[in-house]
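Residue numbers begin at 1 in each chain, while the letters A, B, ... track the order of the sequences. Scope of the values below: all heavy atoms of this structure, side chains included, with no hydrogens, waters or symmetry mates. Fair warning: this is a prediction, and the values are worked out from it, not measured in the lab.
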2 protein chains.
Amino acid sequence: MRPPTLLDLAKELNLSTSTISRALTRPGVVRPATRERILAAIEKIGFSPNGVARSLRKRETKTIGIIVPDITNWFFGVIVRAISGAVGPHAYMMVVFDANEDPEAEAKALQSLRERQVSGIIRCPVGGENKSWEAAIASGTPVIELDRCSGLRNVDTVLIDDDQAGRIAAECLIALGHRRIGTIAGPQHLSNARGRLRGFLKALSKASITLAPELIEYGDFRESSGYIGAERLMSLRARPTAIFIANSEMTGGAIAAIRELKIRIPKDLSLIGFDDARWARYLDPPLTTISHPTPELGRCAAELLLDRLTKVKSHRKSRVIKFEPELIVRGSTAPLRITKQSRR
Amino acid sequence: MRPPTLLDLAKELNLSTSTISRALTRPGVVRPATRERILAAIEKIGFSPNGVARSLRKRETKTIGIIVPDITNWFFGVIVRAISGAVGPHAYMMVVFDANEDPEAEAKALQSLRERQVSGIIRCPVGGENKSWEAAIASGTPVIELDRCSGLRNVDTVLIDDDQAGRIAAECLIALGHRRIGTIAGPQHLSNARGRLRGFLKALSKASITLAPELIEYGDFRESSGYIGAERLMSLRARPTAIFIANSEMTGGAIAAIRELKIRIPKDLSLIGFDDARWARYLDPPLTTISHPTPELGRCAAELLLDRLTKVKSHRKSRVIKFEPELIVRGSTAPLRITKQSRR
DNA sequence: GGCAGAAATGCAATCGATTGCATTTCTGGC
DNA sequence: GCCAGAAATGCAATCGATTGCATTTCTGCC
């Protein structure tokens, strides 16, 4: 019942645990014949080393923690997969926490991760205080931030250029002739949501368009808030002719609301979504959307972490890597037709 | 730099490590005054117990492993989230592996999980041999299978009634008058794919409909295979008037293909999808689809596992729990119109 | 104040692999 | 066959928390 240990093996073979251990970890250093014998016995007995004991002794768990706000969101699914793919070959295993966009849950996750002595953490911050993160970093656990940044010092960060994303969305709509433009922004305590809105507004104001406050809806990055936001925007007396939505979940919700209201895209309303989730192309018309190399983001974060993990504790300066978003123009955007604009 | 240990604390407080350990794990057993003192010191020093050492001593990692075929698939995202939510309160942490529908990757994942001494495993099998799984179970690691079953003995299993799912899909299409019905089935080495096809075919044959072999496309549960499958079906000389697709990823691919071919749903083709992913309602027309209580599946698996983990090693008989699927009729299915049927 | 019994604390072994150092076994050259 | 040096192996401490058992410190009661 209890799995065999090195000691069991040692007795069986009349060897010391040291030799067996070395045979497994530094093959060159034991005599080939001995090694053969050991391997055979392992095969026969079905021994597999106890990683917990190893971790304790080596002070290194070969485990990385990942905290995402919502694993059912396609974006984070892709991120997790990319990270998994990048660290797997280096024999790291991945502990995943779904913080559910809740700072308290994130704090608990951090605590668990620290107790479990993970080698490093990749985090998509959901907010909350920085104190315990500072402690974690101070105690030597490298932390990478992804998609959002919390203002923490000494973390590498992988971001999308959110200002840029907001800007190109706005510019596209402006170029199509839209003037009454709305947006469903994300929660403003998150850096990415702020950036997307900032870039968006800046581009509008550059085109001398000022947004009435009611044309900005603030969601929470969840589907339902997109639904509600769209409902609100669409029930405005001066309804926007185009909207930009700051993430894919809210985009989905908005689309559901818009269909229920029998508003036609892009005839009655142009729409730019975010993240280019797989389903963006399934829609009819397919969705015009801000896109970014999602798997690259994950891989990049993983590589930054691995770098910190494998390099000698060089107190490297922390890095920020920004990926450029791009606009994929599909069918949900169209030029404004004057007749429409004045219809109601 | 090195985080403080029990011993550090003990010296600081002039106590033994035992007392501190007990203060933390069995509060009742140390004098309240002592406890206060300890707690204060912990607060001050910033001590947090080393979970690795604890796991080694207690032979219990409080960690469960989860292997899914594709974490970017909405279905598995929901599953992971549900499991996470269910085990979190019991202080279990979750290690996630994405097997990428690859048996070899799954085998490697199992090996890692065993080395790390996880307390239990929830697995959505992707195929491959059962030997090492038997070994894991024999050595006392409880295993739960989810969504698919591998034929392994002594595992609890949580499934959808796939035969039923296939049946109701078929019945719906038959009731709408369709006779030339196609399907994009999943890979037949997976139990769920087999069940869905089996139920589907059975219902058809009950209605005296026999499927020409070319009306059955076999995909691999990935989007691209849905795309290809749909292309093939739609290029048949005797094109089906309705199709049933056995998972959500392939459904997405099929929809993309169908749109590109300018075939209109449901006018030219009725379509029943699977899994009721979030985006099924975003489509136009919204997707008619087989639905099941996805988060329940995950929660149920988690509970079965927790049960095995917490109950005294009762050699309980293994259980199989089947959830009933249901058909959500939305806009992608319509009655067959005779004129259509004979159009080409 | 003394004593029995309970409550609190301490001691030391333990979990299983790793590793610095000591010891044994090989190897080749004479 | 012997010896120096290299190669292989063994010994024992270590990682940090837990826990059975031993010891000390409290209680309450006479």
Exercise for review: For C:dA8, take OP1 and OP2 only and decide whether either is under 4.0 Å from a side-chain N or O of B:T34.
Suggested key: no
Revision key, fill the gap. Rounded to whole Å, the CZ-P distance (B:R57 to D:dT18) equals 9 Å
Practice item. Rounded off to whole Å, could you give me the CD1-to-P distance for the B:I20 and D:dT19 pair? Key: 16 Å
Exercise for review: Report yes or no: do B:E145 and B:S150 form a side-chain donor-acceptor pair below 3.5 Å?
Suggested key: yes
Revision key, fill the gap. Of B:R35, B:E43, B:R37, the one forming a side chain to side chain contact (heavy atoms under 4.5 Å, CB included) with B:L39 is B:R35
Check your understanding: Between C:dT19 and A:S18, is there an OP1 or OP2 to side-chain N/O distance shorter than 4.0 Å?
Key -> no
Check your understanding: Side-chain donor or acceptor of B:R22 under 3.5 Å from a matching atom on the base of C:dG10?
Key -> yes
Exercise for review: Report yes if at least one side-chain N or O of A:T17 is closer than 4.0 Å to OP1 or OP2 of C:dA17; otherwise report no.
Suggested key: no
Exercise for review: Decide yes or no for A:K322 and A:I160: does some side-chain heavy atom of the first lie under 4.5 Å from some side-chain heavy atom of the second?
Suggested key: no
Review point. With a 4.0 Å cut-off on heavy atoms, is A:L15 in touch with a base, just the backbone sugar-phosphate, or nothing at all?
Key: sugar-phosphate
Check your understanding: Once you round it to whole Å, what is the distance between P of D:dT9 and CZ of A:R37?
Key -> 9 Å
Check your understanding: Between B:R35 and C:dA8, is there a side-chain N or O to OP1/OP2 distance below 4.0 Å?
Key -> no
Review point. Expressed in angstrom and rounded to an integer, what is the separation of B:L13 atom CG from C:dG10 atom P?
Key: 10 Å
Practice item. Give the C-alpha distance, both sets of side-chain angles, the deciding distance and a yes or no for salt bridge (charged side-chain N to carboxylate O under 4.0 Å, His left out) between A:E60 and A:R54. Key: CA-CA 8 Å; A:E60 156 65 292; A:R54 170 182 291 168; over 6 Å; no
Review point. Rounded to whole angstroms, how far apart are CG on B:N50 and C1' on C:dC15?
Key: 13 Å
Check your understanding: Between B:R54 and A:V30, who's closer to the 5' end of DNA chain D by nearest nucleotide?
Key -> A:V30
Point to revise | Atom pair distance, as rounded to whole Å: CD in A:Q117 and P in D:dC15 | key: 14 Å
Review point. Are A:R59 and D:dG16 close enough that a side-chain N or O sits under 4.0 Å from OP1 or OP2?
Key: yes
Check your understanding: Counting just side-chain N and O atoms, does A:S55 come under 4.0 Å of either OP1 or OP2 of C:dA17?
Key -> no
Review point. Has A:R2 got a side-chain N or O lying under 4.0 Å from the OP1 or OP2 atom of C:dG16?
Key: yes
Exercise for review: Look through every strand shown and name the nucleotide pairing with C:dC11 as Watson-Crick or G-U wobble, where both distances are under 3.5 Å.
Suggested key: D:dG20
Exercise for review: Could you tell me whether the phosphate oxygens of C:dT9, OP1 or OP2, come under 4.0 Å of any side-chain nitrogen or oxygen in B:R31?
Suggested key: yes
Review point. Has A:S16 got a side-chain N or O lying under 4.0 Å from the OP1 or OP2 atom of D:dG10?
Key: yes
Review point. Should B:R2 and B:D8 be marked as a salt bridge (charged side-chain N to carboxylate O under 4.0 Å, His left out) after you check the CA-CA gap, both sets of side-chain angles, and the distance that decides it?
Key: CA-CA 11 Å; B:R2 188 157 99 272; B:D8 299 330; 5.6 Å; no
Practice item. Check every strand shown and say whether B:T5 touches a base, only sugar-phosphate, or nothing at a heavy-atom separation below 4.0 Å. Key: sugar-phosphate
Check your understanding: Separation of A:L6 atom CG from C:dT19 atom C1', in whole Å?
Key -> 13 Å
Practice item. For A:N14, report the nucleic acid contact type (base, sugar-phosphate, nothing); a contact means any heavy atom under 4.0 Å. Key: sugar-phosphate
Point to revise | NZ or CZ of B:R153 within 45° of B:W133 ring axis and under 6.0 Å | key: no
Practice item. Specify the separation, in whole Å, of atom CG of A:L7 and atom P of D:dA12. Key: 14 Å
